[in-house]
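Working notes, structure below.
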Amino acid sequence: MCKREGRRSFLVGIAVLALLFLTLPAGAQAQVSSPQVTGVEMTGPVRQTLKQIEEQWLEWIVKTNREQADRAVGDLLEIAHQIGMRRLPDLAAGAMARAVQSAQRKDFARAHWELEAAERFDPGRPETAFAEATVDRLQGNWLGMLAAWLRAYPRIFTHPLERYLWFQNLLLWILAVLLVTGGLFLAVQMLTKGTSLFQDLVGLLSRKLPRPVAYTLAALVLLWPLALPYGPLWLILYASVLLWGYATVSERVVMIALWLLLGVAPQLVELQRQRVVLALSPPAQAMQSLESSRLYGSLFSDLGVLRAVLPQSIAVKQLLADVHRSLNQWELARALYRQVLEAEPNNAAALLDLGDYAFLKGDFTNAIQSYQQAAAADPQNPAPQYNLSQAFSESYMFDEQKIALKKAQDLDLARVNLWLANPQQKVVSLPGGLVRIPEIRRQLAATWSRREVRSGSTEILRQWFSLFLSLGLVLIALTLHLARRPFGYTERSVEVFPEGAFDRWGRILLPGVAAAEIGEGGRSFVGILVPAALLMLPLLGRLGARIPWRYDPGNHLSWILAILGLAIYFGVRLRRELHGEV
């Protein structure tokens, strides 16, 4: 275990070094890196900032003094803040891995301050709490482990990507539970009504065939689907059609619902797959990280993928311009903002940001012109009027400055006071590109859908075949029932659990059978559903897409809940059996 965690720490360190290598061009002497290499162009100062992050991280790794380590963490966050980032998830993952490694070496004091560093690098992440639970378990602090778990799981729902993937996996798990329960329900129908079906079939064949031959042929007629690929599945479906006439109304309703569910399941799974693939695509993850100011190793490469997928998107151009602006790469940002304004002349955010470029260059005449155009395009936004007041002030036009500041304060006094309280930032910018991320997601989804349609037409036809098959099962069952009804059906005469030594335990351990014997389809299905869901609980989070945890929590809690749930469920059934209620 220690070696595995040490290897994980080493790999995380390599991932952190990617912050440098993914953003450096092939030739270090290049003034601006090629987008083919880094995804997004990088100037020398930005590359130097990323190199500083790498160097400071390597220094933090070897720190043995907590105070020095805390200062190093602060320095790293300050460096990241210089390029508009507040979170460093790769460094947080490395700190978590080192914390677990320290705990395995029994250095629990170091482990805990390494966990604190992970929390500072990327606050509020569930993985940090999961890692803390592991450290507390290694320390023997069981209450601390439980408290960490209780903090970890609610954190999942505070992060959009993890929350989305968790709910998608939950939906897939529910679908799997329903299908497995349906298969078991149909198996119970075979168990309770199969004898009557076999007797009727033998009686029909024995009219023209010797009795031994009728028995053999009846067995072949019932069991031939086992020779097919996925034989047990086809056998259950085939038997359910033959048992339709023996079922009660409630059991038939459940059968129809199961057939239809089986028919639409491939479409549901494929639809979910497309959505999850889109959510986990490099462009989607890059946009998600920009919204939360998270700097991870392949961020700029993923933004390059976004630009390649949507090369003509004005929203993407504005988003990339905002990225360059946050990196203080104003020349690159200005070129993109101009392209945005060529397509959208009244884009207030782009006009404002171009005015900021002119302001920072000391070109206050052009800055004033851009701010005035932005104010005209978005008259309810205080930012253009505030920036206009700053530009007037730098131009010694104090009367105009007071008028513009008064207009800004009238629009939003609280925001203007906040801007005034920060003298280091003379003018404010508008995140017009970040605001358009939902628009970019829609464009990305439309592009993805067109690609799926072009590449998966045969797959779509195959999926719809399952729905036609399920509707066919309903029609075949009705046809056979109408043809068979004049001959009558043999009533069930043999109990599945006859009176004896094991009848009570059979009813307890095989839920749904007793209800099926009296024809209560809904009760039988629910009786099977509960234990099936508990048995499949450890698969929750293992079916579907893997959530991109930077520290995998495992599924220990699922196993604990499954075992406790099964114990309680069968304990209740035992109690009810002893009181004659099952």
Side-chain angles (χ1 to χ4, degrees), residues 15-55 79-88 90 281-291 293-344 347 349-350 352-361 429-437 440 443-444:
V16 174
L17 293 180
L19 282 170
L20 171 65
F21 294 118
L22 284 174
T23 54
L24 281 176
Q29 73 278 6
Q31 184 65 25
V32 178
S33 67
S34 168
Q36 284 73 27
V37 176
T38 62
V40 174
E41 299 90 336
M42 292 289 154
T43 59
V46 173
R47 298 198 305 274
Q48 184 60 36
T49 300
L50 295 172
K51 183 174 178 60
Q52 281 185 273
I53 293 177
E54 175 213 356
E55 293 172 348
I79 295 170
H81 187 70
Q82 293 174 10
I83 54 175
M85 296 296 174
R86 298 193 305 270
R87 297 168 179 262
L88 298 170
D90 288 340
S281 66
Q285 293 204 55
M287 290 187 290
Q288 186 74 56
S289 294
L290 288 177
E291 287 180 315
S293 300
R294 302 176 81 225
L295 175 62
Y296 63 95
S298 59
L299 172 62
F300 303 116
S301 296
D302 292 348
L303 286 173
V305 176
L306 175 62
R307 177 165 53 186
V309 173
L310 298 172
Q312 304 303 322
S313 171
I314 301 302
V316 171
K317 292 180 185 294
Q318 190 167 2
L319 176 63
L320 293 175
D322 283 357
V323 171
H324 285 302
R325 174 174 53 78
S326 68
L327 296 174
N328 293 316
Q329 299 183 151
W330 278 99
E331 293 293 340
L332 296 171
R334 181 183 63 160
L336 288 170
Y337 284 134
R338 284 180 171 175
Q339 293 180 36
V340 172
L341 289 174
E342 288 176 2
E344 300 173 352
N347 189 312
L352 185 85
D353 292 332
L354 270 182
D356 289 349
Y357 169 83
F359 184 95
L360 294 175
K361 291 294 183 180
S429 301
L430 290 180
L434 291 174
V435 171
R436 300 182 73 169
I437 282 180
I440 299 173
Q443 295 175 356
L444 194 62

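No hydrogens, no waters, no symmetry mates; every other heavy atom, side chains included, goes into these values.
Note that CD1 of I79 and CD of Q48 are 10.0 Å apart. Values are rounded to the nearest 0.5 Å. From I437, atom CD1 reaches atom CG of L444 across 11.5 Å, with rounding to the nearest 0.5 Å. Atoms CD1 and CG, from I314 and N347 in turn, are 9.5 Å apart once rounded to the nearest 0.5 Å. To the nearest 0.5 Å, the span separating CG on D90 from CZ on R294 amounts to 8.5 Å. Here the straight-line distance linking atom CG of L332 with atom CE of M42 works out to 9.5 Å at 0.5 Å rounding. In this structure, CD1 on I53 lies 5.0 Å from CD1 on I83, to the nearest 0.5 angstrom.
Residues M85 and L290 are in side-chain contact: their nearest non-hydrogen atoms beyond the backbone lie under 4.5 Å apart. Between L295 and L50 there is a side-chain heavy-atom pair separated by less than 4.5 Å. With a 4.5 Å cut-off on side-chain heavy atoms, I440 and L306 count as touching.
A pairwise comparison of heavy atoms in K317 and P311 identifies NZ-O, 3.7 Å as the closest pair.
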Name every donor-acceptor pair, under 3.5 Å, that has one atom in a side chain of residues 281-288 and the other anywhere in the protein, sequence neighbours excluded.
from	atom 1	to	atom 2	distance (Å)
S281	OG	L278	O	2.7
S281	OG	A284	N	3.4
Q285	NE2	L280	O	3.0

Cut-off 3.5 Å, no hydrogens considered: what does the side-chain donor-acceptor table look like for residues 319-327, sequence neighbours left out?
from	atom 1	to	atom 2	distance (Å)
D322	OD1	R325	NH2	3.4
D322	OD1	Y337	OH	2.5
D322	OD2	G432	N	3.3
D322	OD2	G433	N	2.6
D322	OD2	L434	N	3.4
H324	ND1	Q329	NE2	2.7
R325	NE	Y337	OH	3.0
S326	OG	V323	O	2.7

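Ion pairing of E342 with R338 is absent here, as no side-chain N (NZ or NE/NH1/NH2) approaches a carboxylate O to less than 4.0 Å.
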Item checked: R87 vs Y296, side chain to side chain contact (heavy atoms under 4.5 Å, CB included): CA-CA, chis, key distance, verdict -> CA-CA 9 Å; R87 297 168 179 262; Y296 63 95; over 6 Å; no
Margin query: For a side chain to side chain contact (heavy atoms under 4.5 Å, CB included) check, start with the C-alpha distance between L336 and Q318, then their side-chain angles and the critical distance, and finish with the verdict.
Written below: CA-CA 7 Å; L336 288 170; Q318 190 167 2; over 6 Å; no
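Shown here are the salt bridge (Lys or Arg N to Asp or Glu O under 4.0 Å) partners of R436, two or more places apart in sequence or in another chain: E344, E439.
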